[in-house]
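Order of appearance sets the numbers: ligands from 1, and atoms from 1 within every ligand. Since the structure is predicted, the reported quantities are computational estimates derived from the model, not experimental observations.
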Amino acid sequence: MEIYKNPSYSPRERTIDLLSRMTIEEKVGQMCQVDGRHDPETWIYKKHIGSFLHVTGDEPARLQKMALETRLGIPILFGIDAIHGHAFQSGATVFPSQLGMSSSWNPELLEKVAAITACEVILTGLHWTFSPVLCIGRDARWGRVDETFGEDPYLIGVLAKAMIQGYQGSQLSDPYSILACAKHFAAYGETQGGRDSSESDVSERKLRSIFLPPFQEAVKAGCATFMTGYNAIDGIPCSANQWLLHDVLKEDWGFQGFVVTDWDNIGHLHEDHKVAATLEEACNIALTAGNDMMMSTPTFYEHALSLIEKGIISESLLDDACSRILELKFKLGLFDHKRFPDQGMASTILGCTEHRKAAYDMALESMVLLKNQNNILPLSKEIKKIALIGPNCDDVQAQLGDWSFGARELAYPEVPTLNYHPEYDPSPIVTILEGIKNRCPHQVQIAYEKGCDLLDENNHAIEEAVEAALASDAIITVVGDTNVLNGEMRDRVDLHLTGAQQKLLEALKATGKPLIIVLVNGKPLTIPWIAENADAILEAWNPGMEGGNGVASILFGDFNPCGKLTISFPRHVGQQPVFYNQLPGWHGNTYVEMTGEPLFPFGFGLSYTQYEYSNLVVSSSSLGVNDHLTVSVDVQNTGKYEGTEIVQLYINDIFSSVTTPIKELKGFQRIHLKPGEKAAVHITVPVASLGLVNRKCQYVVEPGTFEIMVGPSSRDTDLLKTIFEVVS
Ligand code: BGC
């Protein structure tokens with residue numbers, strides 16, 4: 001009896017049965033993943049491929065049918081980078097970048113975003129997204145900061161869990177569940193000088209204190225797959241790190257899913273890291289380390305077979321990797337024909353009104369108000385003429401951000417065949433120009449001028465922009481960066497505004513008209529001039545397809561902004577990295593030229609209303625490690641608008657056996673308050689979460705005094721403080 005074909009058996013039983021029928025070649029094939037440019041006939045019929053990535057349009061259905069005709073009929077798993085919506089697919093919903101979404105501090109909304117993404121991915125015949133990114137974004141020079149949830153390990157863990165739940169649903173067999181992938185394991189974002197894919201200089205203590213916790217949360221949330229980073233740690237490339245992949249992830253944390261390498265990590269072991277003299281040796285190292293699926297190393301197939309034949313690796317290694325992959329295919333229902341693309345449904349569901357509404361809500365909540373002098377925002381009814389100026393007013397690419405339509409082509413112009421989205425239609429995307437035109441009351445006139453190119457400093461029309469500004473009551477300027485300044489292989493030495501943007505802003509300022517600046521950018525930029533000279537600053541990040549409507553709603557006061565930064569803004573690139581949870585130093589936090597403080601700190605974000613914090617109390621002045629601490633504070637809306645405040649709880653272990661960060665986020669709560677309303681906010685944390693990693697690299701909670709800090713941002717002067725004791 002072919003147990004593996006019978007859905008009444010468990011995924012584990014079916015896997016065992018199927019594995020017992022497979023040849024070595026079929027097992028090795030399951031462990032291979034290549035992109036759609038490789039000949040499917042060869043890969044499906046001759047090499048028994050387990051997974052394709054970046055295959056879109058009608059291809060997934062065609063290839064799946066071919067796979068089902070093979071001897072065992074093992075379905076193909078299709079993967080895609082749908083990291084802020086299914087953004088390579090024409091018509092799909094594109095949400096703000098991951099960094100943008102993190103600024104919402106809204107796990108429920110993130111779960112919804114991920115569930116919508118999963119639904120759209122499934123309808124196009126794909127099953128697996130390479131998301132969420134759990135790298136820590138500490139150095140804004142690094143090209144991939146826009147892909148992260150920012151700089152705080154605790155917040156990353158909370159948001160990761162929400163996204164994983166959204167992608168995977170309550171169980172993988174649900175009709176709209178897809179596999180999530182926690183990446184890039186581990187410490188990939190801890191670059192040197194912001195340079196991608198190099199060595200991450202982290203000790204085991206630092207790794208366990210800062211970089212591993214979000215990944216451990218992902219395992220706890222049941223994340224189906226993990227992707228290994230391009231980087232090396234202490235001389236060991238992640239794909240070659242048996243301790244990391246096997247001992248920590250699979251053994252200590254009990255990870256049941258499979259590990260995929262990043263793009264040709266095996267090749268990099270040989271060609272770049274140079275820890276393997278041949279590709280075959282690199283395959284051996286990667287296999288032995290604990291990688292289960294090999295992304296984009298096509299020759300792995302031949303090398304793995306040769307390694308088996310020579311007796312260098314044992315078949316049991318293949319069995320373990322294969323079981324992990326197959327079991328997930330069973331859990332997803334791929335063998336039971338539940339996962340074919342549905343063109344009809346896709347055409348009605350992708351980018352449907354309900355999904356767009358979530359993109360709009362997320363755009364609203366992801367925006368951060370950084371300045372609002374004299375409450376210039378929301379725009380008053382007195383303003384009848386607006387000069388809308390700037391290179392990012394009407395730029396689809398900048399608005400959608402990386403990992404979306406067009407972004408890959410910009411990053412890899414030398415690979416024209418990538419062609420992820422042959423028929424991408426950008427028309428459903430509402431740019432800021434369109435959003436403002438649609439929203440603005442009919443008696444208000446909008447004069448639009450691009451003003452300058454974002455990159456070429458000689459290409460500008462500043463005079464025309466100034467003319468429009470002079471004729472206006474207020475200027476809204478949309479500046480920032482664009483996709484060629486973000487993403488893989490797009491690290492920067494500088495974080496300033498490019499092209500003639502700064503010159504444009506200075507000319508606009510000289511008109512004396514109120515200057516409202518909207519930033520559309522993938523990462524924090526160094527904007528001290530803007531902070532000093534703008535009347536208002538709205539950080540919109542890469543706000544996605546509904547970004548234009550979102551910006552308009554905030555500017556005209558339909559929505560009170562509530563986003564808070566999840567990454568600090570440096571004043572100067574030389575301050576990098578400038579994250580909030582620094583270890584203590586004693587020579588003063590200053591440089592010769594300026595302070596070491598960021599321009600805008602982690603957790604910072606204004607509102608159209610004001611909130612007053614008072615009456616900070618802890619549930620008990622001393623507690624044991626197994627207890628829970630409840631921290632309470634009163635928050636009152638003292639302004640004129642109703643709004644949502646994100647109340648943040650930080651702690652500091654005052655004396656400890658090793659140095660600990662000056663403050664660490666341990667909890668937060670969103671609270672909605674009407675004007676004048678006051679509410680008590682209670683945040684409960686397990687005392688067990690207040691620990692540190694000691695000299696022996698063990699996680700422990702050390703008895704002693706802890707400082708408890710609560711407030712609207714991580715800035716010291718924003719926080720109410722008290723203390724409490726942990727007793728043994
Ligand atoms: C990136 C990954 C991505 C993969 C597949 C790599 O270059 O580092 O984040 O998932 O490509 O597109």
Interatomic distance, CG@Asp146 vs CG@Asp402, rounded to 0.5 Å, equals 5.5 Å

Note: heavy atom closest to atom 3 (C) of ligand 1, options Val133, Asp264, Asp81, belongs to Asp81

In ligand 1, the atoms that come under 4.0 Å of a heavy atom of His54 are 5 (C), 12 (O)

Taking the six-membered ring for Trp, are Phe130 and Trp263 closer than 6.0 Å centroid to centroid? no

Residues pairing under ring pair (Phe, Tyr, Trp, His ring centres under 6.0 Å) where one sits in residues 152-184, two or more places apart or in two chains, turn out to be His184-Tyr188

In ligand 1, the atoms that come under 4.0 Å of a heavy atom of Lys183 are 2 (C), 3 (C), 9 (O), 10 (O)

Across all chains, not counting sequence neighbours, the side-chain contact (heavy atoms from CB on, under 4.5 Å) partners of His48 are Glu25, Glu26, Tyr301

Nearest heavy-atom approach of Ala398 to Val520 is O-CG1, 3.6 Å

In ligand 1, the atoms that come under 4.0 Å of a heavy atom of Leu53 are 5 (C)

*Check whether any N or O atom of Trp263, backbone or side chain, sits under 3.5 Å from an N or O atom of ligand 1, and answer yes or no.*
no

Counting heavy atoms under 4.0 Å, the part of Glu147 that contacts ligand 1 is neither

The answer for which part of Trp403 has a heavy atom under 4.0 Å from ligand 1 is side chain

inquiry  = Could you go through Asn486 and Glu147, starting from their C-alpha distance and side-chain angles, then the distance that decides it, and tell me whether this counts as side chain to side chain donor-acceptor pair (under 3.5 Å)?
reply    = CA-CA 9 Å; Asn486 286 292; Glu147 293 179 51; over 6 Å; no

In ligand 1, the atoms that come under 4.0 Å of a heavy atom of Glu488 are 1 (C), 6 (C), 7 (O), 8 (O)

Aromatic centroids of Phe95 and His84 separated by under 6.0 Å: no

Atoms of ligand 1 under 4.0 Å from any heavy atom of Phe130, numbered from 1 in the order shown, are 10 (O)

Checking heavy atoms under 4.0 Å, the part of Gln33 that sits near ligand 1 is neither

